[in-house]
Amino acid sequence: MPMPVARALTRRDAVLLLLGASIMHIFSLFFPQEITPQEILIDAAREVYPPDPPEPVYITQTTTLVTTTTLNAQPTAGPISPAPIDLSLEIPETEIISWAPGFTLFKNLYMSNGTFFVVSNTPSADFPEVRMMTSNPMEAKASEENIRMREPTRYHMDFLTPVGAARLWGADVRQGRSHRILSVDGNTILVNEPTQFLRHYYHLVAELFFGVQAFWHGAFTTPSDDPDREYSLGPHPAPPPIHRIIFARSNADGWRDSPGFNAYFMRAAFPATTIEVEEDWEDRVTITSTRDRAWHFPMLLLTDRSASFRGEICGSQTQRIAAEAFEAMHRKDQLVGIRVGGWWEPIRSAVLRFAGAPVELPNNSEQVVHSSDVAEGDPRLPMPAKVVITYVSRQSAGNRKLTEESHQDLVESLNKLVERRSEWELQIVEAEKLTKDEQLRIMARTTVLLGVHGNGLTHLVMMPPTRISTVIEIFYPGGFAHDYQWTTRALGMKHFAVWNDTYRTEGVGEGKPRVDYPEGFQKDYIPAHGPSISQLIEDRVDGRL
C-alpha cells in the first residue's frame, strides 16, 4: 500500500501555527503554573492573638520574635515619622516633664471613663503622690469632712504598667489591628476645678492663668543664673503653643465672669486656642465608659486647686495657687525676667495689643543710679516717662468701699499732689463706666495703682514694669488678704497695704500684715486718710520707699 504523501504547508497554515504559538506563550506569561514552595519552619515561640473586643487583648512581650529587617518590610517615601499611637508596637509610657503641687506637666497621659491613667513600670519612683497632682474636683469648703472628700481615689487617677495598658486597650498591630486609643494631638491645659473660683476675674486671670503661664513658660526655659536675664522683658524663646484649654468641671458659663473680662482675656491672650468645657469632657468620658478604650494626651498640663493647697507655699504662706508654680520655676532659675515679670510679658503684650494700647518695652540702657534708690534691684529698672496715678474708685459698688468723707478727702489730696507735681497725671476711674478696652489702655500707662481691696486691682497684671511701679491697696483696719499683694510682688513691683493713715509693706518696719478678715472687711465704711496716702505716693516716687 503506498505511503500517504504529506500535504504541502501553505502560507495560511504557517500564519495559523505562528499565531497559536504566540497565544500560548503570552498565556504562560500571565498565568504561570503555581508551585507550592517548601515550608520553612522557624524554631521560635509563636504568639496567639485572640479576637478584638469585646474580650480584652493581652499582648505579651517576647524576645523570640523574628527580628530580621527584611521581614514585614514596608516601602517608605521621605523621612520616617513616628507611627500613630493606635498603630504603635508599644504603648508609650507616661513621663513628667515638670511638677509643682497642683501643676503637673505630663507627656503621654491617658484617660478612660473619667480616670487619668499613668502608664509606667516605675510609678512609685518617678511620680509624686497622687494627692499632690489631682483631687476629687468638688467645691471647696472649710470643713474637715469637705477636705477629706476632696482627697483623690483610684477613680480620679490610677497607675498601669505598659502590659496592663495593652491588656485593656491594645490589639495586634502586626496583624493590621489598631489599639483602641484615641490620641488628642497637640498641647492641652486641663483645669480640674469647679466653677467656684473660675467665675471671678482675679482667680481666673491673676491666679490660675498667672500660674499656668509661669509654669508653662518656665518648664520649657533653659535654667540660668545670669543676673541680666532677671531684668529682661524679652523677646524670649517661645514655649510650645497651647492648642486647647479644657475646663473639665465647668460649663460654658461657669468660667465666664459677670463683667465679661474672663472671656475678653482668654480670647486676647490665646486667640488660636480651642476651649472645651464640661459637656465636651463628658463626651470623652462617655466614649470610653466601657473602659476598653482610652484617650491619649501627648502633652497635658493638669492644674488642680486642691492639690496646690496641699503644697506648703500655697497652703501655709500665700493661699495663691499660682505661687506653687511660680516658686517651683523660680527655684530652678527657669523664670526669665523675674524682677520685671518678663515671663508674663507675652500675655500682657497680647492683651494690651488686643485692647489697642501701645506696647513699648522700656529701655533701661541709659538709666542713672540714684542715691535715693533703696530697694534691691530697683536701680536696674527704668523710670517711667511720666508718673501716672490711677485711683480705681469703688464708690458705686455695693460693698468694700470708702466712707464718702474718706473718698472726697482722698480725691482732694490726690488733686493737690498733681497740682504741686505738675509733670504727674491723675486718673480717677469707675471701671463699670468704661469699656474693657478703655480700662486696659489706662492700665497700660499706670505707674501707681490705688484702690480698695477689690476685683478692679486685678488690672495690675497689665501695668508696665518700671523702677517705681506700685500698687497701694486700702483695707479695712486690721484686714488683709494676699490676692493682690502676692501678684504685685511676683511681677517685681512694690505693694503697700494701707489702714487709714498707716501702711505696711514687705521688707520695711513690721512687714506685710497677716491675713485677716475682721468685721467691717466687706462693708461700706472703710476709712482712708487722703494726705497720708498722697505722701506715701510721693515718697515712693522720689525713692524714699
Side-chain angles (χ1 to χ4, degrees), residues 32-97 106-127 154 157-188 243 283-300:
Q33 182 179 1
E34 187 173 67
I35 300 175
T36 303
Q38 182 180 0
E39 182 178 4
I40 301 176
L41 299 178
I42 300 177
D43 185 16
R46 301 186 180 213
E47 292 178 320
V48 179
Y49 298 90
D52 275 339
E55 290 297 324
V57 178
Y58 180 56
I59 300 178
T60 59
Q61 294 182 339
T62 176
T63 59
T64 58
L65 293 176
V66 177
T67 57
T68 308
T69 56
T70 56
L71 296 180
N72 298 322
Q74 297 293 325
T76 60
I80 299 175
S81 59
I85 191 171
D86 60 340
L87 297 176
S88 175
L89 291 178
E90 296 181 356
I91 295 177
E93 291 193 43
T94 305
E95 301 175 25
I96 284 187
I97 297 174
F106 291 98
K107 181 179 180 181
N108 298 321
L109 185 66
Y110 301 83
M111 186 278 282
S112 182
N113 194 34
T115 303
F116 293 112
F117 283 97
V118 173
V119 175
S120 173
N121 277 315
T122 57
S124 59
D126 297 337
F127 295 89
R154 292 184 63 183
M157 181 174 284
D158 206 353
F159 292 85
L160 282 174
T161 64
V163 169
R167 182 183 297 117
L168 284 174
W169 313 316
D172 181 11
V173 298
R174 299 176 182 85
Q175 298 298 322
R177 302 187 182 106
S178 59
H179 300 312
R180 295 173 302 283
I181 301 177
L182 312 170
S183 194
V184 186
D185 292 338
N187 306 317
T188 302
H243 297 101
D283 287 343
R284 297 188 185 276
V285 172
T286 300
I287 288 171
T288 58
S289 60
T290 56
R291 301 184 71 90
D292 62 350
R293 63 170 54 141
W295 294 98
H296 163 248
F297 294 90
M299 188 86 71
L300 182 141

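Scanning both residues, D185 and P298, for their nearest heavy atoms gives CA-CG, 4.3 Å. Counting all heavy atoms, side chain and backbone alike, D292 lies closest to R180 at O-NE, 2.9 Å. Pairing each heavy atom of N121 with each of P162, the nearest pair is OD1-CD, 3.2 Å. For the pair V285 and N113, the tightest heavy-atom approach, listed with the atom from each and the gap, is CG1-C, 3.7 Å. S178 and L87 make their closest contact through CB-CD2, 3.8 Å (heavy atoms, listed as atom of the first residue, atom of the second, distance).
We find the OG1-CG distance between T94 and D126 to be 10.5 Å, quoted to the nearest 0.5 Å. Rounding to the nearest 0.5 Å gives a distance of 9.5 Å between CG of N108 and CD of E93. N187 CG to H243 NE2: the interatomic distance, rounded to the nearest 0.5 Å, is 5.5 Å. Expressed to the nearest 0.5 Å, how far CD1 of I181 lies from CH2 of W295 amounts to 12.0 Å.
Judged by distance alone, the side chain of H179 and the main-chain N or O of S88 form a donor-acceptor pair under 3.5 Å.
Remark: Y110 pairs with W169, H296 by the ring pair (Phe, Tyr, Trp, His ring centres under 6.0 Å) rule, at least two apart or across chains. Under the rule for a salt bridge (charged side-chain N to carboxylate O under 4.0 Å, His left out), the partners of R284 that lie at least two apart in sequence or sit in another chain are E276.
Side chains of I97 and F106 form no contact here, defined as non-hydrogen atoms less than 4.5 Å apart.
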